Participant: 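Below is a structure I'd like to ask you about.
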Amino acid sequence: MAASAVASPLCTWLVAACMSVACGEERPRGQWRGSALGGAGPRRRRGRGGVGAAAAASWMERRDPPRRIISALFGGSGGIQGLMSTCLAFEPCADFVHGSTNGSASFLAEHLFGATRRRRRAARSSAASDAGKAMAVALQPEKEAVEKKKLDTKQRRVVVTGMGVVTPLGHDPDVFYDNLLAGVSGISEIETFDCSSFPTRIAGEIKSFSCDGWVAPKLSKRMDKFMLYLLIAGKKALEDGGITEDIMNLLDKTRCGVLIGSAMGGMKVFNDAIEALRVSYKKMNPFCVPFATTNMGSAILAMDLGWMGPNYSISTACATSNFCILNAANHIRRGEADLMLCGGSDAAVIPIGLGGFVACRALSQRNNDPTKASRPWDVDRDGFVMGEGAGVLLLEELEHAKQRGAEIYAEFLGGSFTCDAYHMTEPHPEGTGVILCIEKALAESGVAKEDVNYVNAHATSTPAGDLKEYQALIHCFGQNPELRVNSTKSMTGHLLGAAGGVEAVAVIQAIRKGWVHPNINLDNPEKSVDANVLVGSRKERLDVKVALSNSFGFGGHNSSILFAPYK
């Protein structure tokens, strides 16, 4: 038994590879793997002679990667005898039995002190052919573990357990949605600065807003509004989700993350810094750089909460919120988090923001009748209306939500992203990117087209964008007679990077309440649009099966996400 167990130096190699698995706790994954591939036995010199035990030990000391494994094998009763005694503990390795080797003395004589070139070549050839077998055996448990992990995480369902908003129509999800159902417009004349010299003087501006009780006074004076909106909407989502102080203390904060983005970032902070620089750099706000970057809102909210999970922001223009929501859900699905605050925030209703979009010729100039200015799919639309605010969802892994007794508002089914790869600001003339995005979202979520009966469209009230999206929707869902389509922007204006987050709240409220809000100002629909598909001027009762929310952004970014009632 002993003789056959050490019949070849290749068996020693295999033993070392197997022992490296047992020693996996002492070395990083991949290092033992490299050692096995590199061989654990002494390297022979070219030429007639062999290599002595002393030379082999010296080589082992010089070769760094397998040092700990080899020292463990050789460190017992001295030199090669320690290795041999270790080998005796294993069963014979029949694949490596060669010739008439009869014992340890023969093993030492033939393989360490005088092996011929022919037998060395045969040993090397055998090692090459069987290395894959050894590694397959060693790696099989890891492969099974990976497959099991994939199976487990695929079954992790994502639900919505909290919502927070800061909008021109209210800062509470219920107040916000009640105003939408009533057809109230949040568009009005801009009051925070003098815009009399601009051709556009209207916006979805937030008139009354207080940080008291939500943000420390020192920070609130220095932060850009997009960060203040983000912090308050995020905390309101937690409060709405029943995350009390007691529950917060019980959460594993390494598995709680924040992914709230912004299209424009801290534009006012940055603009003020430029104005101060005209005098002297000494006049600049020392917080101007961190408070202008889009990631800092998520970072500060996480610092405030002590949440140590995934934390970053995404900026994909007006598609930002949807990108953040889908990526946050994927972190939960992959088992990287249990709770995620996600959505978007923007506050660009300032001179530089208004002026920039005026220069693009993208804004409505219906200044004399602000509440009629945003009118998706209407023939008299003349551009979108800027808005500001934030929309944040609390996404949670289903079992985690059930264990803490959370109220589940809806289930997040999935979504997708695509790029038009066509133009910076214009949609693809054939709607290719939008159609592809919707179809990929359905496929990824496992949802049939006929199951989608409500779409909250991106529809910003621009001449080209509204029609291209409508055509894409008809292409995908035109055979569904139950389909209803509306645009929240007809009442809020376009909240840029926050739009998708706020509209996701509208979708979830439609699922909860069984009512979809109207499209206001749709007085004279485009001739190519079927008005029977669009929600009219009054709210409509609808039992939502699956709801789709679209968001598109400058640069050709397309995003579609899907929600459904939790069952």
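Predicted, not measured: the structure shown is a model, and the values here were computed from it.
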Participant: Ring pair (Phe, Tyr, Trp, His ring centres under 6.0 Å), that's the test. Do Y409 and F563 meet it? Break it down for me.
Facilitator: CA-CA 10 Å; Y409 295 149; F563 297 90; over 10 Å; no
Participant: Hey, can you tell me if F554 and F357 have their rings parallel, tilted or perpendicular (30° and 60° cut-offs)?
Facilitator: tilted
Participant: Verify whether one side chain among S416 and E444 offers a donor that lies under 3.5 Å from an acceptor in the other.
Facilitator: no
Participant: Distance-only, no hydrogens or angles: does the S262 side chain make a donor-acceptor pair with backbone N or O of S345 under 3.5 Å?
Facilitator: yes
Participant: Using a distance-only test with no angle check, is there a side-chain donor-acceptor pair under 3.5 angstrom linking D246 and T244?
Facilitator: no
Participant: Run through N179, D172, L180 and flag the one making a side chain to side chain contact (heavy atoms under 4.5 Å, CB included) with F176.
Facilitator: L180
Participant: Identify which one of R255, R404, R157 satisfies the salt bridge (charged side-chain N to carboxylate O under 4.0 Å, His left out) criterion when paired with E396.
Facilitator: R404
Participant: Say whether S298 and N311, considering side chains only, have a donor N or O and an acceptor N or O under 3.5 Å apart.
Facilitator: no
Participant: Does either side chain, that of T488 or that of N456, offer a donor lying less than 3.5 Å from an acceptor on the other one?
Facilitator: yes
Participant: Is it true that, when you exclude D543 itself, more than 12 heavy atoms of the residues, nucleotides or ligands shown sit nearer than 6.0 Å to its CG?
Facilitator: no
Participant: Any side-chain donor paired with an acceptor under 3.5 Å for Y454 and N486?
Facilitator: yes
Participant: Just by distance, no angles: are the side chains of N453 and N480 close enough, under 3.5 Å, to form a donor-acceptor pair?
Facilitator: no
Participant: Do the side chain of N519 and the main chain of P376 share a donor and acceptor less than 3.5 angstrom apart?
Facilitator: no
Participant: Using modelled atom types and a 3.5 Å cut-off, is there a donor and acceptor pairing between side-chain atoms of Q509 and backbone atoms of P173?
Facilitator: yes
